[in-house]
*Asks:* 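Let me give you the structure first, and then I'll get to my questions.
Each chain gets a letter, A, B and so on, in the order its sequence line appears, and its residues count up from 1.
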There are 2 protein chains.
Amino acid sequence: MADTVVTVRDIAARVGVSVTTVSNVLNGRPNVGRETRAAVLRAARELGYRPNRAAQAMRTGRTRALGLVLPDLTNPFFPELAQAVEHTARRAGLLVCLIDSQGTVEGEADGFALLMQHAVDGIIWCPLGPRQPRHLREFRGPIVLVDRPRPGYDVVQSDYAMGGRLLADHALAMGHGVVGLLSGPEQIESARQRRDGFTGAHPRALRVAWEVHVGFDGVLTPAAVDALTHRRGATLIVCGNDLIAISAIRCLTGLGVAVPGEVSVTGFDNIRWTDLVTPRLTTIAQPLGPIGAKAVEVMRERMSGAPHVGRRTLFDVALVERDSVRRLARRERRSVRGPGRARLHRETT
Amino acid sequence: MADTVVTVRDIAARVGVSVTTVSNVLNGRPNVGRETRAAVLRAARELGYRPNRAAQAMRTGRTRALGLVLPDLTNPFFPELAQAVEHTARRAGLLVCLIDSQGTVEGEADGFALLMQHAVDGIIWCPLGPRQPRHLREFRGPIVLVDRPRPGYDVVQSDYAMGGRLLADHALAMGHGVVGLLSGPEQIESARQRRDGFTGAHPRALRVAWEVHVGFDGVLTPAAVDALTHRRGATLIVCGNDLIAISAIRCLTGLGVAVPGEVSVTGFDNIRWTDLVTPRLTTIAQPLGPIGAKAVEVMRERMSGAPHVGRRTLFDVALVERDSVRRLARRERRSVRGPGRARLHRETT
DNA sequence: GCTGTGTAGTGTAACGTTTCACTACCGGGA
DNA sequence: TCCCGGTAGTGAAACGTTACACTACACAGC
């Protein structure tokens, strides 16, 4: 009601008790009588009391704020995650402080520094790479990783090995025997998990003709374009994520190669735009919302004293079958067993 | 170096001055000798001093944190904006606290409440609608709007009237005379600006056959589907944003209507995915990065005492011409002057 | 009657920073 | 000599909250 700020002292004065008692009530501590408790609560409501977080933070050392450090909000993978994290955190009364490193290690380091100055209670982090950001060790407080594991940290992510397996099963079922890999960055663990899940599933039936690494932002390197141009026997291009797959499809069609007519493509993530592209992309769907929510949950456990055990929480993924993988006819299947390059070259011209 | 936290007191003790002097040095205040200043700075660096933001906040009432309240991170419009805001804010030493209301007024209200508890220094806000969120008035501190104006607030946005005009010019140049409008929400000012810019540009040459309002998330209502089915003479569908346009194209092709063969479509925003869809979308590009950066800049001016003047900062936009608008032949142009419905019906079957 | 235990509540010292009011000293002008 | 103004620096009181160490009282058991 008043324009001035209401403090515990005001409540204490109005009810006629000490500030300690007010504090005890407000924090749900025992040793307060029923009626006193009710009176304090009522006074707080009537006066429009809002706890001063800064003062609380200074006294307790806890800010009730979380850091969320992401590589790139421009990749549609992350907004969905961020949305879930923010929503779940807010329901728990936690504020989310966002850092978007824009893919640079300096951005990541600066972000951490800022979060530490503000003494966030914990950090939910999707690491850029294996390099340890400056000053990170100085952060006292729980860190929970999302999507990308790192030795010694808790992580919440999709079961990428499962995703890779699903993709491999599908490839086989559609008659593909030789594939090319347009994997995500080599130094990102989750990119390796996707790849290894795929290659490990049917090591004999599925031959990897080549592998090229590109960024998760889908920008194709010259090496990638070259691989897409020659393909060396691959009838299916397995991409590290949807952005890469979409770029690959555009590159291929630009090259005059029909997708999936001449070569099939798969993605990973099932971002919103995968059924926009032509052909609609066959990919792996992962539950981004639940992953974000779970990350906050794990964080809350850690914040309330649960010991750090380096646990890994995995979510099931699912194959989303659309139009970018063609079922190979019997004679086509045979042809891929040959020496590859020469035959293929002929086929694609 | 030490595991324990370093305070101004520690610096004072080491240098042999009072904490006041240390504080004065650290805050660049006068009345400190050259050498003393240097000594304090050195000690601070050597001890690894980091100011305790909570204590500062309590004393000064300023947190050096900003709120960013957005309707929906899932709409690719916003991540780009958020990225720019966060980046610019961080360069100025400001932390960005994210609220994603997920399109609900309760979410928005809860978000504001949380930000106010944490006493952010200012709020950058893209309002959901004209309704005033609960408790908003109680927020003391600057509010800067992005993208969507509101009477009495500073706003940074694209020149949507210009965008509408550009679209109208283009429609005319391509020979379209009768259009249908799939506008954004009626209660959102920026949606109206886009529409009015279009309709006001060539009121005589361009006839609006119908207008249907849908959400910016691109989910088509039955009324919208109906309008797309019959079209009543419109040869061009002008959509409130790209998400709507993409949905419209999908709906139309699902209906067996060729785009742009039978009907043309335009979008607005030029999100990353507009040249993914078939046909590639003709749309209006707006400088999201600069808008976000400017919003932070305006906020900083306001934070450092600049008076509130309800100023509106407009950014130029540009037409991005792609494949979703067909150039009408002369006889086609004539045909749209007729009674419309009946003729059109025949054309589309 | 004494001790022990539990409940209800109080007083006050922190937390780390900024800021107000003040002192000490020096050099210059009258 | 005295006074004045400026520079360099100090001490201590806040800011709003929590938490520790207390007190006061009632009631039960022996």
*Asks:* B:R64: which residues meet the salt bridge (charged side-chain N to carboxylate O under 4.0 Å, His left out) condition with it, sequence neighbours left out?
*Replies:* none

*Asks:* Base, sugar-phosphate or nothing for B:R29? Non-hydrogen atoms, less than 4.0 Å.
*Replies:* sugar-phosphate

*Asks:* Quick one: are A:F216 and A:D72 in side-chain contact, heavy atoms under 4.5 Å?
*Replies:* no

*Asks:* My understanding is that only residues two or more places apart in sequence, or in another chain, count here; which of them pass salt bridge (charged side-chain N to carboxylate O under 4.0 Å, His left out) with A:R53?
*Replies:* none

*Asks:* When you measure from every atom of DNA chain D, which of residues 15-24 of chain A have a heavy atom less than 4.0 Å away?
*Replies:* A:T20, A:S23

*Asks:* Please list, chain by chain and in numerical order, all residues satisfying salt bridge (charged side-chain N to carboxylate O under 4.0 Å, His left out) with A:R90, sequence neighbours excluded.
*Replies:* A:E86

*Asks:* Under 4.0 Å, heavy atoms only, any strand: does B:P51 hit a base, just the sugar-phosphate, or nothing?
*Replies:* sugar-phosphate

*Asks:* Please find the pair of heavy atoms, one from A:V25 and one from A:V32, that lie closest to each other, and give the distance.
*Replies:* CG2-CG1, 3.6 Å

*Asks:* Return the set of residues passing side-chain hydrogen bond (donor to acceptor under 3.5 Å, both in side chains) with A:Q286 (not counting sequence neighbours), or none when no residue passes.
*Replies:* A:S158, A:Y160, A:D269

*Asks:* For A:R34 and B:A55, find the nucleotide of DNA chain C closest to each by heavy atoms; which residue's nucleotide sits nearer the 5' end?
*Replies:* A:R34

*Asks:* Does A:R59 make a side-chain donor-acceptor contact with the base of D:dT17, cut-off 3.5 Å?
*Replies:* no

*Asks:* Taking B:Q157's backbone N and O only, do any of them form a donor-acceptor pair with B:D147's side chain (distance below 3.5 Å, no angle check)?
*Replies:* no

*Asks:* Under 3.5 Å, which N/O atoms of the protein pair with N/O atoms of nucleotides 25-27 of chain D?
*Replies:*
none

*Asks:* Tell me the bend of the helix from C:dG1-D:dC30 to C:dA30-D:dT1 as the angle between end helix axes, each from five pairs, rounded to the nearest 10 degrees.
*Replies:* 60°

*Asks:* Taking ring pair (Phe, Tyr, Trp, His ring centres under 6.0 Å) as the test, write out the residues that go with B:F78, two or more places apart.
*Replies:* none

*Asks:* Heavy atoms only: give me the nearest B:M303-B:P142 pair and the separation to one decimal.
*Replies:* CG-CG, 3.9 Å

*Asks:* Name the first nucleotide and the last nucleotide along DNA chain C (5' to 3') that come under 4.0 Å of a heavy atom in chain A.
*Replies:* C:dA8 to C:dG16

*Asks:* Side-chain polar contacts of residues 91-108 of chain B - donor-acceptor pairs under 3.5 angstrom, sequence neighbours left out - could you list them?
*Replies:*
residue	atom	partner	partner atom	Å
B:D100	OD1	B:Q102	N	2.7
B:D100	OD2	A:Q83	NE2	3.0
B:D100	OD2	B:L73	N	3.0
B:S101	OG	B:L70	O	3.4
B:T104	OG1	B:S101	O	3.2
B:T104	OG1	B:G107	N	2.9
B:E108	OE2	B:W125	NE1	2.9
B:E108	OE2	B:L128	N	3.1

*Asks:* Would you say A:Q193 and A:R148 are linked by a side-chain donor-acceptor pair, where the criterion is simply a distance under 3.5 Å?
*Replies:* no

*Asks:* List in chain and number order the residues that pass salt bridge (charged side-chain N to carboxylate O under 4.0 Å, His left out) with A:E189, two or more places apart in sequence or in another chain; answer none if no residue qualifies.
*Replies:* A:R192

*Asks:* Taking only residues two or more places apart in sequence or in another chain, which ones pass side-chain hydrogen bond (donor to acceptor under 3.5 Å, both in side chains) with B:E297?
*Replies:* none

